[in-house]
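Computed from a predicted structure; not experimentally measured. All chains are named by letter (A, B, ...) in the order of the sequence lines, taking the proteins before the strands, and each is independently numbered beginning at 1.
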Protein chains: 2
Amino acid sequence: MKKYRPNISDVARLAGVSTATVSRALSNPSLVSEATRKAVQGAIATTGYRLNETARNLRHRRTGGIVALVPNLANPFFSQILSGIASVLGPAGYNLLIADTRTAGADRLLDYAEPSRADGLIILDGSLPAAALTGRIPMVEACEWVPGLAAPRVKIDNRAAAGLAVNHLADLGHSRIGHVVGPAGNVLSVARLAGYEDTLRSRGLPLMQSAIYQGDFSLESGRVAAEVWLQQPQDTRPTALFLASDAMACGFIGEVQRHGLSVPRDVSVVGFDDIELIAHISPPLTTIRQPRTAIGQIAAERLLNRLRGGEDTDQDTILSVELIIRASTAAPRL
Amino acid sequence: MKKYRPNISDVARLAGVSTATVSRALSNPSLVSEATRKAVQGAIATTGYRLNETARNLRHRRTGGIVALVPNLANPFFSQILSGIASVLGPAGYNLLIADTRTAGADRLLDYAEPSRADGLIILDGSLPAAALTGRIPMVEACEWVPGLAAPRVKIDNRAAAGLAVNHLADLGHSRIGHVVGPAGNVLSVARLAGYEDTLRSRGLPLMQSAIYQGDFSLESGRVAAEVWLQQPQDTRPTALFLASDAMACGFIGEVQRHGLSVPRDVSVVGFDDIELIAHISPPLTTIRQPRTAIGQIAAERLLNRLRGGEDTDQDTILSVELIIRASTAAPRL
DNA sequence: GAGCGTGATGTAATCGGTTTCATTAACGAT
DNA sequence: ATCGTTAATGAAACCGATTACATCACGCTC
C-alpha cells in the first residue's frame, strides 16, 4: 500500500482489456471501439495512471530530448537564443537539455552527441572539435559554427554586418576607425574583423594595426580596450570604434566616460548584438541588431524537420541584420 | 550492414560471456574477474559499443534528468543561476532540462513534475500554482518560492536586503526615499517592499504613497517610473530611490539622464541583483549583490542530496547579500 | 452456404539494459 | 573424503511501454 505507481497493466486489468488495447487507446484511438475507449479512460482516471516516457522512448529508440551546447550559460547573450529554441521545442514535445561546454569536460561532449542521450543537437559554440561531432546524431549550428563540420547553419552574415557598422561611421565622416575584436580564434571574431577590413579598403580608409584592439566579447575586455585607446596620442588614435559585441561597447564607453570624455563628442561607438540593456544606457548605443530569438527558433525548426525525416537541403539559413542608429555615434569633432 | 548500433548482447557474444557479465563489468567491475573484464573491454572497443541510457533508466526507474522551471529564459538574471545549477548537475551525471513556464502551458507543467520526465525539480518561478506541484517528485525552490509549497528553499533574505539599501540612502542623509517595486504579486516584490517600509519606519522617515512606483523588474518599467518621477514637483519627490532590480535602475537612470538630470547629483539610485553590466555604466550602480551562481549550485546540491536519500532537514538556506557601494548614490543636494 | 474482407482485440516478442537466483568451480577446514 | 564458503558466471525475469501477428466475430457477396 505504498505510493504504488500504476502502470499500463494495472489499467488494462481494471478495464478488462489487454495492455495492447490500452496502448492503442492512448496513442491511436481510432483503432479502438467507442466502448472500450471509454472503459480505458475510466480505468486511467480511477488509477491515476500516467504514461512512462522512458519505456515508450526505449521502444521507439528515441529520447525525446534535444541538447543545446552553449559555450557559457552565464552569458546573457545566449539566453534569448535559448528562449527561441525552447519556444519551438516545448510545443513539439521535446525536452530541451542544456549543457555548458566549459563546465562539461571534453569527454562528456561525446556523451551529449549520443543517440541514447538526445535525438538532436544544437551547437552554439564554434570552438568545439569538429572530429568529435561528425557522424553522430542530427545537428544544426546556430550563431557560431564549427569549421569543417557538415551541419546546416542558422546565422547572420557577420562580414556584411560589420560592413554596415563601419560604413555608418565612414558616412558620418570618420576616417580613423578602430575595431575591438572578439576572442582570438572565434569564428565570429574572424568574420567581423574581415568585414571591418574589407570596408575600410573599399572606402579607401587607412588600415592601421594600432587601431585594432584585442577583446573577448566581455565587458571587462571592452574596458581594457578603452584604457589602451585613452593612452594613444589624441591626433592619431581612432575617432570612432566598431566593437564586436555590445558588452565590450558598454565597457568601453563606461571607462571613457570615467576619464571625463564624452560619447559621441569625443569618440563614436558602434556595438554588435543589440542586447536589450544598451538602448537604455546613456548614450543609447548604436549597434547591429541580430534576431536572436528567430535564430533559436529557426535552428530548432530545422532540426525538428530533420528528425521528422523531412528533406533538408543542408543549406545555411542567413538571417538579416539591421543597423540601429542611436546616440553613440556622430560626426567627428573638427 | 547499415549503421547498426551494437548493443550489450553484441558485446557479450564477441567477448564470449553473457550480457549479465558485461553489465557487471561496466557498472560494478569488482564482481568480474580480471580476465573477463579485459575481454569485455576489448569487445567494447572493437564493436564501438555505447551504453543505452534509456534502457538503464527504465530498469532503474529513473530518468537522469532534473528540470529547472524558469519564468522567462530570455531574462539574463536567470542565466547565472542556471549556470550554477549546470555546474553541479553535469559532473553528477544528471541532465539539466530547462522549461520556460511562460512558453509551456499550465497543463504541461504537470508533465514536468512527472517521475517519468525528471527525477527532480528546481523551481525558479514563484508564480506557479502550489496545488499542481505538491506531492510530486522531489523539488527545491531557488530565489523565488511558491507560497504554500512544502519544499526546501535556497534564497536570500529579501526583506533585510531591502533594508540594507534603504539604510544606505538614509545614512547619506536622504529623507524622501522612493521605491520602484517589482511585478505585482511576485513574492520578491512583496518582501522587498516590506523591507523598504520597515526601514523607513525604523528610521522615522515618512512613508508616502507617491514615492512608490509600480514596476515589473524590466528595463522599460524602470524608464516609465522615471517619467512619473520627473513629473512630480521637485520639492516633494524623492531625492533617492531604491529599485527592486538592476534592470529597472538602468532604465530609470537612462531616462533621467536623457532629461538632462545627473545621477547622483539630482537623484541617488540603488538597484538590486548586481548584474555584471551595471558596474560599467555611468555612473556605476550602487546595488545589492545576490550570489546567483551560489544559489544555483546550492539548490542543485540540496536536490541531489535528497535524491541520493540523504537526510534533508527541509530548512531554508539563506545566503547572505552584500551592499555594493558605487557611484550612483551620494548625499542629497542642499 | 462457402468465401472473404474488415474491425476489434489478445498474445507474445521486442526495445536494451539490470538484477535475482541458481549453478559451478576452487579452496581451505575438519 | 566431505562439507562449507566464496568467487565468477549464466539463465531468466524484469522495467513499462509498443507493435507484428494471430484470432475471432460479423456482415457482405455470389
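- Here the side chains of B:Ile85 and B:Leu82 are in contact, with some heavy-atom distance below 4.5 Å.
- Considering only the side chain of B:Arg56, C:dG17 comes nearest among C:dG17, C:dG10, C:dG16.
- Between B:Arg50 and A:Asp111 the shortest side-chain heavy-atom distance falls below 4.5 Å.
- Within the structure, every side-chain polar atom (N or O) of A:His60 is placed at least 4.0 Å from both OP1 and OP2 of C:dT14.
- Here the P atom of nucleotide D:dT19 and the CG atom of A:Leu58 are 12 Å apart, to the nearest Å.
- In this structure, the CG atom of B:Asn7 is 8 Å from the P atom of C:dC15, given to the nearest Å.
- Across all strands, B:Val22 comes closer than 4.0 Å to no nucleic acid atom at all (heavy-atom distances).
- In this structure, B:Thr19 does not reach the C:dG16 phosphate: none of its side-chain N or O atoms is under 4.0 Å from OP1 or OP2.
- Distance from the side chain of B:Ala55 is smallest for C:dG16 among the nucleotides D:dG16, D:dT18, C:dG16.
- Between the side chain of A:Arg24 and the base of C:dG10 there is at least one donor-acceptor pair of N/O atoms closer than 3.5 Å.
- Comparing B:Arg61 and B:Ser33 by the nucleotide of DNA chain D whose heavy atom lies nearest to each, the residue mapping closer to the 5' end is B:Ser33.
- Separating the CG atom of A:Leu51 from the C1' atom of D:dC15 is a distance of 14 Å, rounded to the nearest angstrom.
- Rounded to an integer number of Å, the gap from B:Arg5 CZ to C:dG17 P is 8 Å.
- Under the 4.0 Å criterion applied to side-chain N and carboxylate O atoms, A:Glu34 and A:Arg37 are assigned as salt-bridge partners.
- In this structure, CG in B:Leu133 is found 7.0 Å from CG in B:Leu69, a value given to the nearest 0.5 Å.
- Paired runs in DNA chain C that reach 3 or more consecutive Watson-Crick or G-U pairs, where each pair keeps both distances under 3.5 Å, cover C:1-30 with D:1-30.
- Two residues are said to be in side-chain contact when any heavy atoms from C-beta on lie closer than 4.5 Å; B:Trp145 and B:Asp316 fail this criterion.
- The phosphate of D:dT9 (OP1 or OP2) has a side-chain N or O of B:Thr36 nearer than 4.0 angstrom.
- Separating the NZ atom of B:Lys38 from the P atom of D:dA8 is a distance of 15 Å, rounded to the nearest angstrom.
- Summarising the geometry, the separation between CZ on A:Arg59 and P on C:dG17 is reported as 15 Å, rounded to the nearest angstrom.
- Within 4.0 Å (heavy atoms only), A:Val17 reaches sugar-phosphate atoms of the nucleic acid but no base atom.
- OP1 or OP2 of C:dA8 has not a single side-chain nitrogen or oxygen of A:Thr21 nearer than 4.0 Å.
- Ion pairing between B:Glu114 and A:Arg5 holds under the 4.0 Å rule for side-chain N and carboxylate O.
- Here C:dG16 presents its C1' atom at 14 Å from CD1 of B:Ile44, a figure rounded to the nearest Å.
- The residue A:Ser18 sits close to a base: some heavy atom pair falls under 4.0 Å.
- There is a side-chain donor-acceptor pair under 3.5 Å between A:Thr101 and A:Asp125.
- Taken from CZ in A:Phe217 to CG in A:Asn75, the straight-line distance is 9.5 Å, to the nearest 0.5 Å.
- OP1 or OP2 of C:dG17 lies within a sub-4.0 Å distance of a side-chain N or O belonging to B:Tyr49.
- If A:Ala35 and B:Ala20 are placed on DNA chain C by their nearest nucleotide, the residue sitting closer to the 5' end is A:Ala35.
- Put simply, CZ on B:Arg62 is 18 Å from P on D:dC15, counting in whole angstrom units.
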